[in-house]
Number of protein chains: 2
Amino acid sequence: MARTPTHPDVSQFDLQTVLEALVDPVRRSIVAQLDAAGADIACGGFDIPVSKSTATHHFTVLREAGLIRQYYVGTSRMNALRRAEMDETFPGLLDALTARRAARRGG
Amino acid sequence: MARTPTHPDVSQFDLQTVLEALVDPVRRSIVAQLDAAGADIACGGFDIPVSKSTATHHFTVLREAGLIRQYYVGTSRMNALRRAEMDETFPGLLDALTARRAARRGG
DNA sequence: ATCGAAGTTTGACAGCGATCGAACTTCTGC
DNA sequence: GCAGAAGTTCGATCGCTGTCAAACTTCGAT
């Protein structure tokens, strides 16, 4: 595993790529969990119904789309939601997809 | 072809289905063209790089997701964007995906 | 009735993407 | 050093989806 995985710059964000990342329910769940937690989460800390190798695949897709930033802490790989950068490029998109909006309207 | 094709009710709108519909560039283009035109458009009136049978498939997907409403006028099948209903269920989603926001910010 | 225009239906195909298990790497703790 | 924990990589399925051509249906105009 590379010490410093590839992260796209904000200028390289692409709507098609981001959509293809977010259309998968597992990946959308990952983003939603990060958003709800408001904190970084290790790969193993998510509640997702797939094997480790599949999880690795999903995190890679999210990272390459620019949705998350990954960094190592010991043997754990932490995941951070790049929300501000996403909001800057695609305003309203994450709000519309993470069901935050519903919770916010409610209270 | 059925006289009255199946259209889901707003209460049946499903985010996963809508996303799967909008992740395809051709379908997103159809929605964008409808949105930009602000008027209904016949199937043959779109600028899309696919055959007629493929186009039929895309319109079906969009209709079953609730994104468009279809009705016949003679031999032409008209397509209407169900924007208000979509906005009601998924506020901000179409704005984020049809690049309207960019145009609106500009002027 | 006939012909053309506009879509639909059907069947087939190709490619992609999600999924898994197994083997491997790397770090932590003892 | 050794064992275990946390991920990654590799290879192989497998189902789904976008695509098209060909044949068909329906409507409008002549």
Side-chain angles (χ1 to χ4, degrees), chain A residues 1-7 14-34 37 39-80, chain B residues 1-7 14-34 39-65 67-80:
Chain A
M1 36 185 166
R3 204 105 222 77
T4 308
T6 304
H7 290 94
D14 173 61
L15 178 59
Q16 185 62 36
T17 305
V18 170
L19 270 184
E20 284 169 4
L22 289 175
V23 77
D24 185 281
V26 174
R27 289 194 289 264
R28 213 160 59 251
S29 170
I30 290 172
V31 169
Q33 289 178 48
L34 275 174
D40 302 356
I41 303 179
C43 288
F46 290 89
D47 182 21
I48 47 177
V50 294
S51 69
K52 290 206 298 179
S53 53
T54 301
T56 294
H57 167 63
H58 286 313
F59 287 117
T60 302
V61 171
L62 287 172
R63 172 168 48 77
E64 292 183 342
L67 281 156
I68 62 173
R69 194 176 295 277
Q70 296 191 294
Y71 59 97
Y72 277 98
V73 173
T75 168
S76 288
R77 190 165 215 173
M78 300 299 298
N79 301 278
Chain B
M1 39 183 164
R3 204 102 224 76
T4 308
T6 304
H7 289 93
D14 172 61
L15 177 59
Q16 184 61 36
T17 306
V18 171
L19 270 184
E20 283 169 4
L22 291 174
V23 77
D24 186 279
V26 173
R27 290 195 288 265
R28 213 159 60 250
S29 170
I30 290 173
V31 169
Q33 288 179 49
L34 276 173
D40 301 357
I41 304 178
C43 287
F46 290 88
D47 181 22
I48 47 177
V50 294
S51 69
K52 288 207 298 179
S53 52
T54 300
T56 296
H57 166 63
H58 285 313
F59 287 118
T60 303
V61 172
L62 286 172
R63 171 167 48 75
E64 293 183 341
L67 281 156
I68 63 173
R69 193 177 296 278
Q70 296 190 293
Y71 59 97
Y72 277 97
V73 174
T75 168
S76 288
R77 191 165 215 175
M78 299 299 295
N79 302 278

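Values below: all heavy atoms of this structure, side chains included; hydrogens, waters and symmetry mates excluded. Throughout, protein chains are lettered first and strands after them, A, B, ... in sequence-line order, and every chain is numbered starting at 1.
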Chemist: Of all residues at least two apart in sequence or in a different chain, which pass the side chain to side chain contact (heavy atoms under 4.5 Å, CB included) check with B:T17?
Modeler: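 Scan of B:T17 (side chain to side chain contact (heavy atoms under 4.5 Å, CB included), adjacent residues dropped) gives B:D14, B:A65.
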Chemist: State which residues pass side chain to side chain donor-acceptor pair (under 3.5 Å) with B:H58; sequence neighbours excluded, sorted by chain then number.
Modeler: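 B:R27.
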Chemist: Using whole Å, what does the distance between atom P of nucleotide D:dC27 and atom OH of B:Y71 come to?
Modeler: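 It works out to 17 Å between those atoms.
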Chemist: Does any non-hydrogen side-chain atom of B:C43 lie less than 4.5 Å from one of B:T56?
Modeler: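 SC-SC contact between B:T56 and B:C43 ruled out.
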Chemist: Measure from the side-chain heavy atoms of A:S51 and tell me the nearest of C:dG21, C:dG7, D:dC20.
Modeler: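 From the listed options, C:dG21 comes nearest.
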Chemist: Quick one: which residue pairs count as a salt bridge (Lys or Arg N to Asp or Glu O under 4.0 Å) with a foot in residues 48-75 of chain A, not counting sequence neighbours?
Modeler: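 Sorted result for residues 48-75 of chain A: A:R69-A:E85.
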Chemist: In this structure, how many angstroms lie between the P atom of C:dG17 and the CG atom of A:L22, rounded?
Modeler: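 The distance from CG of A:L22 to P of C:dG17 comes to 15 Å, rounded to the nearest Å.
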Chemist: When the distance from CE of A:M78 to P of D:dA5 is rounded to whole Å, what number comes out?
Modeler: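 It works out to 19 Å between those atoms.
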Chemist: Tell me: CD1 of A:I48 to C1' of D:dG7, nearest whole Å?
Modeler: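 Roughly 12 Å, once rounded to whole Å.
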Chemist: Taking donor-acceptor contacts at under 3.5 Å, does the side chain of A:S53 reach the base of C:dG21?
Modeler: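 Yes, a donor-acceptor pair under 3.5 Å.
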Chemist: Between C1' on C:dT9 and CZ on B:F59, what's the gap in Å once rounded to a whole number?
Modeler: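 My rounded result for the distance is 17 Å.
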Chemist: For B:T60, enumerate each residue passing the side chain to side chain donor-acceptor pair (under 3.5 Å) test, keeping only those at least two apart in sequence or located in another chain.
Modeler: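 Here no residue qualifies.
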Chemist: List in chain and number order the residues that pass side chain to side chain contact (heavy atoms under 4.5 Å, CB included) with A:L19, two or more places apart in sequence or in another chain; answer none if no residue qualifies.
Modeler: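 For A:L19 the side chain to side chain contact (heavy atoms under 4.5 Å, CB included) partners, ignoring immediate neighbours, are A:L15, B:L19, B:V23, B:R28, B:L97.
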Chemist: Just checking B:A55: base, sugar-phosphate only, or nothing, at a heavy-atom cut-off of under 4.0 Å?
Modeler: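 Nothing, no nucleic acid heavy atom in range.
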Chemist: Tell me, please, which residues at least two apart from B:A42 pass side chain to side chain contact (heavy atoms under 4.5 Å, CB included).
Modeler: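 In terms of side chain to side chain contact (heavy atoms under 4.5 Å, CB included), with neighbours along the sequence ignored, B:A42 is linked to B:S76, B:M78.
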Chemist: Under 3.5 Å, which N/O atoms of the protein pair with N/O atoms of nucleotides 11-16 of chain C?
Modeler:
none

Chemist: side-chain contact (heavy atoms from CB on, under 4.5 Å) with B:I68: which of B:V61, B:D40, B:N79, B:I41?
Modeler: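 Exactly one candidate clears the test, B:N79.
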Chemist: Anything under 3.5 Å between a protein N or O and an N or O of nucleotides 14-18 of chain D, put it in a table, one pair a line.
Modeler:
| unit_1 | atom_1 | unit_2 | atom_2 | d |
| --- | --- | --- | --- | --- |
| D:dG18 | OP1 | B:R27 | NH1 | 3.4 |
| D:dG18 | OP1 | B:R27 | NH2 | 2.6 |
| D:dG18 | OP2 | B:R27 | NH1 | 3.4 |
| D:dG18 | OP2 | B:H57 | NE2 | 2.9 |

Chemist: Please give, in whole Å, the distance from C:dG7 C1' to B:N79 CG?
Modeler: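 Checked: the CG to C1' distance equals 11 Å.
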Chemist: Testing the basics here: between B:Q70 and B:F59, what is the closest heavy-atom pair and its distance to 0.1 Å?
Modeler: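 Scanning both residues, the minimum pair turns out to be NE2-CB, 3.5 Å.
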Chemist: Using a cut-off of less than 4.0 Å, is there contact between a side-chain N or O of A:T75 and OP1 or OP2 of D:dA6?
Modeler: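 No, A:T75 has no side-chain N/O under 4.0 Å of OP1/OP2 on D:dA6.
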Chemist: Over how many whole Å does the gap from B:K52 atom NZ to D:dT25 atom C1' extend?
Modeler: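 So the two atoms are 11 Å apart, to the nearest Å.
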Chemist: Can you tell me how far C1' of D:dA5 sits from OH of A:Y72, to the nearest Å?
Modeler: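 In whole Å, D:dA5 C1' and A:Y72 OH are 13 Å from each other.
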